[in-house]
Amino acid sequence: MADLKSRKWIVAKGIMFLGIAAATAILILVEAPSVKVAVLLALLVWAACRFYYFLFYVLEHYVDPTMRYAGLLDLVMGMKRRRQQMREKGRG
């Protein structure tokens, strides 16, 4: 699959993700309407966003500038390749 390059479609994709997140949060709060659930949901969203930021910004800018990935699967596969290369260097 080719990378998404159109600004219009990138923005549309972001808006769709926001819509999915908002609809999901609303459905969860309708299912279990309480302050506790709302706070836990807010913490979950905040932590997930910070983790994503860590994976795709902090690792690249502060840990290793060669770590550039298109997504989580690409990140995992890249780490696997890296580990395999390290093992091969250790043998040789």
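- You'll find the side chain of T24 reaches within 4.5 Å of the side chain of I28, heavy atoms only.
- At least one side-chain heavy atom of L73 sits under 4.5 Å from a side-chain heavy atom of M77.
- Between the CD atom in Q84 and the CZ atom in R87 there is a gap of 8.0 Å [rounded to 0.5 Å].
- The local environment of OH in Y53 is crowded, with over 12 non-hydrogen atoms from other residues, nucleotides or ligands closer than 6.0 Å.
- Pairing each heavy atom of L29 with each of S34, the nearest pair is CD2-O, 4.4 Å.
- Counting all heavy atoms, side chain and backbone alike, K13 lies closest to L4 at CD-CD2, 3.9 Å.
- Contact annotation: the side chain of F54 never approaches that of R50 to less than 4.5 Å [non-hydrogen atoms, C-beta and beyond].
- Under a hydrophobic-cluster definition in which Ile, Leu, Val, Met, Phe, Trp and Tyr are linked whenever side-chain heavy atoms come within less than 4.5 Å, directly or via other members, M16 and L72 are assigned to different clusters.
- Hydrophobic clustering (ILVMFWY, side-chain heavy atoms < 4.5 Å, transitive): V45 and L27 are in distinct clusters.
- The hydrophobic clustering, which links ILVMFWY residues whose side-chain heavy atoms are closer than 4.5 Å, places L55 and V63 together.
- Grouping the Ile, Leu, Val, Met, Phe, Trp and Tyr side chains by contacts below 4.5 angstrom, directly or via other members, places L59 apart from V76.
- Ring geometry for Y52 against F56 counts as tilted: the plane angle lies between 30° and 60°, on a 0 to 90° scale.
- Remark: E88 CD to Q85 CD distance equals 7.0 Å, nearest 0.5 Å.
- Grouping Ile, Leu, Val, Met, Phe, Trp and Tyr by side-chain contacts under 4.5 Å, direct or through others, puts V30 with I26.
- Rounding to the nearest 0.5 Å places CG of D64 at 9.5 Å from CD of E60.
- In the hydrophobic cluster analysis, where Ile, Leu, Val, Met, Phe, Trp and Tyr join through side-chain heavy atoms closer than 4.5 angstrom, F17 is grouped apart from W46.
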